[in-house]
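Only this structure's heavy atoms are used, side chains among them; waters, hydrogens and symmetry mates stay out.
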Amino acid sequence: MRRPMLTLAALPLSVLMLASCAQPPEEPAEGEAVELGSGPVQEQLNIATGGSTGVYYPIGGALGSIIEENIDGQAGTAETTGASVENIRLLGGGEAHMGIVQGDAADQAFTGTADFEGAPVETYSLAVLYPNVFHAVTLQSTAESEGLECFSDVVGTRYSVGAVGSGNEATTNQVFQSLEIAQDEIEMSQLGYAETAAALSNGQLEAGSWVVGQGHAGITELATTEDIAIIDMCDDERSAIVNGYGGYTEHTIPGGTYPDVDEDVQTIAVWNALVVSGEFNEDQAYEITSAMYEHIDQIVSVYGPGEEYLVPETIENSPVPVHPGAIRYYEEQGIEIPEDLRP
């Protein structure tokens with residue numbers, strides 16, 4: 001059911017920060033199986049998100065407020081991290097209790113492939129949030145001079161795949177693999193969003209990836225100072241990626257989403273999920289899922305473009321099985337969880 005992908009990863013120093021403020025789950029006795037959902041209730045929840053300028057962090061902050069304001073004796077704190085791959089490792093190590101991650105990273109963690117080769121982390125969804133959209137960003141002048149009409153035209157260019165260990169990097173590497181583009185066919189950099197934007201402006205890169213929510217502030221900000229272009233994925237490219245590994249879907253960025261990008265851009269997307277470890281307490285999972293949807297307007301207030309997706313039915317796009325506590329909530333809403341998403 002789950003499929004592998006290829007990427008690079010490293011653990012940022014924020015692991016140490018989270019370790020200092022979290023209580024790891026109790027270790028089972030040697031040889032003892034851990035029952036799904038049987039862990040203790042956590043009163044102070046660390047929510048692993050991403051960089052402070054991204055979308056994950058304000059969503060995590062809104063979720064923490066929902067938990068504190070609506071569930072007695074519980075509180076949540078959004079922690080800045082290197083995003084998806086690191087977040088899953090933090091969950092697996094007990095340094096975080098909840099994490100917002102890209103679906104492709106969750107998929108590879110659950111199956112023990114790519115970054116998690118030989119060391120799987122069983123993550124389970126509480127909710128599916130919104131799609132992350134693949135933006136291959138360049139400057140308009142560069143697109144014209146380099147002939148960047150389809151994504152594969154980036155071969156031979158200086159290209160940033162995203163920060164080390166990020167979901168951005170994971171998705172970009174999977175795109176390259178699906179299109180049979182070897183990493184030595186580009187001059188690869190591993191930069192975060194702000195660094196990628198600066199490098200584009202300074203002429204140090206031809207293009208770079210933003211795998212983010214549509215309307216991302218960082219791309220909009222870059223477009224206010226530079227004439228940007230977003231490289232289309234042509235029909236055969238989208239087909240190869242969607243029919244490959246990672247659970248991607250086709251996506252259209254409407255013209256006008258970003259300043260001076262007037263035409264629709266054809267690309268791909270991957271769903272984001274709120275995940276926990278298998279030990280996460282079942283009753284607590286039910287309470288958090290219920291509270292989140294009862295107060296979903298607080299999350300919409302920090303990420304308006306996600307409104308159409310932030311509904312219970314979106315759980316059907318989960319990249320990993322749904323946690324039993326969350327299943328209880330969805331079934332109360334009349335939503336049937338597919339068999340392949342049941343633990």
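- More than 12 non-hydrogen atoms from other residues, nucleotides or ligands lie less than 6.0 angstrom from CD of E69.
- F110 has its ring centre no less than 6.0 Å from the ring centre of F116.
- Formation of a donor-acceptor pair under 3.5 Å by the T257 side chain with backbone atoms of I253 is not found in this model.
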- Task: Determine, stepwise, if the pair S65 / Q298 fulfils side chain to side chain donor-acceptor pair (under 3.5 Å).
- Result: CA-CA 9 Å; S65 295; Q298 291 181 234; 5.2 Å; no

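- Heavy-atom minimum distance, A273 versus S125: CB-OG, 4.0 Å.
- Residues I315 and V322 have side chains in contact (heavy-atom distance under 4.5 Å, counting atoms from C-beta outward).
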- List the steps and the verdict of side chain to side chain contact (heavy atoms under 4.5 Å, CB included) for D260 and Q140. CA-CA 10 Å; D260 297 323; Q140 184 63 46; over 6 Å; no

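- Taking the six-membered ring where the residue is Trp, the centroids of H135 and Y258 are separated by under 6.0 Å.
- At least one side-chain heavy atom of Q214 sits less than 4.5 Å from a side-chain heavy atom of P254.
- For N168 (side chain) and V161 (main-chain N/O), a donor-acceptor pair under 3.5 Å exists by modelled atom type.
- A distance of 6.0 Å or more separates the ring centres of Y330 and Y286.
- Within the 4.5 Å cutoff, the side chain of L310 has heavy atoms near those of the I299 side chain.
- Taking CD1 of I219 as the reference point, atom CD1 of I230 lies at 5.5 Å (rounded to 0.5 Å).
- Under a 3.5 Å cut-off, the side chain of T123 and the backbone N or O of S277 do not form any donor-acceptor pair.
- Two residues are said to be in side-chain contact when any heavy atoms from C-beta on lie closer than 4.5 Å; V211 and V270 meet this criterion.
- The existence of a salt bridge linking R89 and E86 is excluded, since no basic side-chain nitrogen approaches an acidic carboxylate oxygen closer than 4.0 Å.
- Classified by interplanar angle (parallel below 30°, tilted 30° to 60°, perpendicular above 60°), the ring pair W210/Y193 is parallel.
- Distance alone, capped at 3.5 Å, is enough to place a donor-acceptor pair between the R342 side chain and the I337 backbone.
- Shortest non-hydrogen contact noted between G92 and V121 is CA-CG1, 3.8 Å.
- A donor and an acceptor atom, one from each side chain of H251 and Q266, are nowhere located under 3.5 Å apart.
- Summarising the geometry of V175 relative to I241, their closest heavy-atom pair is CG1-CD1, 3.8 Å, with the distance given to 0.1 Å.
- With ring centers used as reference points, Y303 lies under 6.0 Å from Y130.
- Between T289 and A326, the closest heavy-atom pair is OG1-CB, 3.7 Å.
- Side-chain contact check for I231 versus D153: every heavy-atom pair is 4.5 Å or farther apart.
- One finds the OG1 atom of T196 at 10.5 Å from the CD atom of Q190 (value rounded to the nearest 0.5 Å).
- Checked by atom type and distance alone, the side chain of S239 never pairs as donor or acceptor with a backbone atom of D236 at under 3.5 Å.
- Transitive grouping of hydrophobic side chains (ILVMFWY, heavy atoms separated by less than 4.5 Å) keeps I335 and V311 in distinct clusters.
- The CG atom of L63 sits 9.0 Å away from the CG atom of L129 when rounded to the nearest 0.5 Å.
- Within 6.0 Å of CD in E250 there are more than 12 heavy atoms belonging to other residues, nucleotides or ligands.
- With no hydrogens or angles considered, a side-chain donor-acceptor pair links Q102 and T171 at under 3.5 Å.
- Two different hydrophobic clusters hold L200 and M188 under the rule that ILVMFWY side chains link at heavy-atom gaps under 4.5 Å.
- Between Q333 and E313, the side chains place no donor N or O within less than 3.5 Å of an acceptor N or O (distance only, hydrogens not considered).
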- Message: With side chain to side chain contact (heavy atoms under 4.5 Å, CB included) as the criterion, how do E187 and L205 come out once you've worked through the C-alpha distance, each side chain's angles and the decisive distance to 0.1 Å?
- Response: CA-CA 9 Å; E187 188 175 331; L205 292 174; over 6 Å; no

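- The shortest distance between side-chain heavy atoms of N272 and V128 does not fall below 4.5 Å.
- Side-chain atoms of E146 do not come within 3.5 Å of backbone N or O of T157 as any donor-acceptor pair.
- Transitive grouping of hydrophobic side chains (ILVMFWY, heavy atoms separated by less than 4.5 Å) keeps Y159 and I228 in distinct clusters.
- Note on M292 and V55: same hydrophobic cluster, where clusters join Ile, Leu, Val, Met, Phe, Trp and Tyr whose side-chain heavy atoms are under 4.5 Å apart, directly or indirectly.
- Formation of a donor-acceptor pair under 3.5 Å by the Q284 side chain with backbone atoms of N281 is not found in this model.
- Remark: T142 pairs with no residue by the side chain to side chain donor-acceptor pair (under 3.5 Å) rule, at least two apart or across chains.
- Once rounded to the nearest 0.5 Å, the distance linking OH of Y248 with OG1 of T267 reads 11.0 Å.
- Residue pairs meeting the salt bridge (Lys or Arg N to Asp or Glu O under 4.0 Å) criterion with at least one partner in residues 193-209, sequence neighbours excluded, are R158-E206.
- Note that the NE2 atom of H323 and the CG atom of L36 stand 5.0 Å from one another [nearest 0.5 Å].
- Counting non-hydrogen atoms of neighbouring residues, nucleotides and ligands closer than 6.0 angstrom, the CD atom of E149 reaches no more than 12 such neighbours.
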- Task: Evaluate the side chain to side chain contact (heavy atoms under 4.5 Å, CB included) criterion for residues I47 and Y56: first the C-alpha distance (whole Å), next the side-chain angles of each, then the deciding distance (0.1 Å), finally the verdict.
- Result: CA-CA 10 Å; I47 306 169; Y56 285 5; over 6 Å; no

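- When all heavy atoms are compared, the tightest approach of H97 to Q44 is CE1-O, 3.3 Å.
- Among E43, E287, E68, the single residue meeting the side-chain hydrogen bond (donor to acceptor under 3.5 Å, both in side chains) criterion with Q74 is E287.
- Less than 6.0 angstrom separates the ring centroid of F134 from the ring centroid of F151.
- Annotation: side chain of T249 is not in contact with side chain of P131 (no heavy-atom distance under 4.5 Å).
- Inspection of the T225 and E221 side chains reveals no N or O donor paired with an N or O acceptor under 3.5 Å.
- Proximity of W271 to S318: side-chain heavy atoms (C-beta onward) are nowhere separated by under 4.5 Å.
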- List the steps, then state whether side chain to side chain contact (heavy atoms under 4.5 Å, CB included) holds for V265 with T252. CA-CA 6 Å; V265 177; T252 299; over 6 Å; no

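- Residues T81 and N87 bring a donor and an acceptor atom of their side chains to less than 3.5 Å of each other.
- Once rounded to the nearest 0.5 Å, the distance linking OG1 of T172 with CD of Q183 reads 10.5 Å.
- In summary, the side chains of S160 and S189 do not present any donor paired with an acceptor at a separation below 3.5 Å, with no hydrogens or angles considered.
- Side-chain atoms of S38 and E279 include no donor-acceptor pair closer than 3.5 Å.
- The two residues Y57 and A78 make their nearest non-hydrogen contact at CE1-O, 3.8 Å.
- With hydrophobic clusters built from ILVMFWY side chains whose heavy atoms lie under 4.5 angstrom apart, L179 does not share a cluster with V133.
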